[in-house]
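Below is one structure, written out as structure tokens; comments come after it.
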Amino acid sequence: PEKIIELVNYLYVLLNVKKDNQLNEIEESVLNGVILKNFGNFSPDEIKHAFRLGVAGQLGIEMYQKLDSITMGKVLAAYKKSHLWQKLAQ
């Protein structure tokens, strides 16, 4: 969980999520569960890489100053579909 907290904090900065728009404790707990249950096959570094690609416009999805379970799902689905994750692993 500590690595997930670091990951979420990194993503807040990357996406420029303002303090007022950051997740509350319950929402963050749900996001942590989604990451562990649905995206546990991705390391925190891979998730960071996926979001950097998304911000750079390389995943073909709209990115907003928002972090939630829906955004996480869209970014990682696009990342996996793009096959760019395989290049990182090599």
Side-chain angles (χ1 to χ4, degrees):
E2 194 171 303
K3 286 193 180 246
I4 292 179
I5 292 168
E6 289 175 25
L7 169 66
V8 168
N9 288 332
Y10 173 85
L11 296 177
Y12 282 148
V13 174
L14 181 69
L15 297 172
N16 196 28
V17 177
K18 304 294 181 216
K19 191 76 171 163
D20 292 346
N21 294 330
Q22 292 181 5
L23 302 175
N24 65 37
E25 195 173 314
I26 294 171
E27 293 165 331
E28 197 165 293
S29 177
V30 169
L31 178 61
N32 292 350
V34 167
I35 292 169
L36 291 172
K37 188 167 184 136
N38 299 90
F39 304 111
N41 55 325
F42 290 112
S43 72
D45 285 340
E46 287 174 309
I47 294 173
K48 289 176 185 178
H49 182 65
F51 272 82
R52 285 192 298 265
L53 291 172
V55 168
Q58 294 181 312
L59 295 180
I61 58 173
E62 293 283 331
M63 297 292 293
Y64 303 99
Q65 293 173 298
K66 181 177 181 178
L67 180 62
D68 58 15
S69 299
I70 295 169
T71 302
M72 182 69 66
K74 285 181 179 179
V75 169
L76 293 180
Y79 179 57
K80 191 168 184 179
K81 195 174 182 181
S82 74
H83 303 290
L84 292 170
W85 63 278
Q86 293 171 332
K87 293 176 185 169
L88 182 69
Q90 293 176 350

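Worth knowing before you read on, the calculation uses all heavy atoms, side chains too, and leaves out hydrogens, waters and symmetry mates.
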Check: I5 main-chain N/O paired with N9 side-chain donor or acceptor under 3.5 Å: yes

How are the rings of F42 and Y79 set to each other: parallel, tilted or perpendicular (split at 30° and 60°)? tilted

Could you check if a side-chain atom of S69 sits within less than 4.5 angstrom of a side-chain atom of V30, using non-hydrogen atoms only? yes

Taking C-beta and beyond as the side chain, do M72 and N38 meet within less than 4.5 Å on heavy atoms? no

Would a single hydrophobic cluster contain both L7 and L36, if residues Ile, Leu, Val, Met, Phe, Trp and Tyr are joined by side-chain heavy-atom contacts under 4.5 Å? yes

Rounded to the nearest 0.5 Å, the CD1 atom of I35 sits from the CG atom of L11 at a distance of 7.5 Å

Close side-chain approach of E2 to E6, heavy-atom, < 4.5 Å: yes

Output for pair (I47 CD1, Y10 OH), nearest 0.5 Å, gives 12.0 Å

Taking the side chain from Q65 and the backbone from N16, do they hold a donor-acceptor pair closer than 3.5 Å? yes

For S29, which residues count as a side-chain contact (heavy atoms from CB on, under 4.5 Å) partner, sequence neighbours excluded? none

Please answer whether the main-chain N or O of L67 pairs with a side-chain N or O of Y12 as donor and acceptor at a distance below 3.5 Å. no

Side chains of L14 and R52, heavy atoms from C-beta outward: is any pair under 4.5 Å? yes

Under the 3.5 angstrom rule, does the side chain of E28 hit a backbone N or O of E25 as a donor-acceptor pair? no

Shortest non-hydrogen contact between L59 and S82, atoms and distance: CD2-OG, 3.8 Å

Please report the closest heavy-atom contact between E27 and L23, naming both atoms and the distance. OE1-CA, 3.4 Å

Check the surroundings of atom NZ in K48: do more than 12 heavy atoms from other residues, nucleotides or ligands lie under 6.0 Å from it? yes

Say you draw a straight line from CE of M63 to CZ of F51; how long is it, rounded to the nearest 0.5 Å? 5.5 Å

Interatomic spacing from CG in N41 to CG in L76 - rounded to 0.5 Å: 8.5 Å

Taken to the nearest 0.5 Å, the spacing of I70 CD1 from L31 CG works out to 11.0 Å

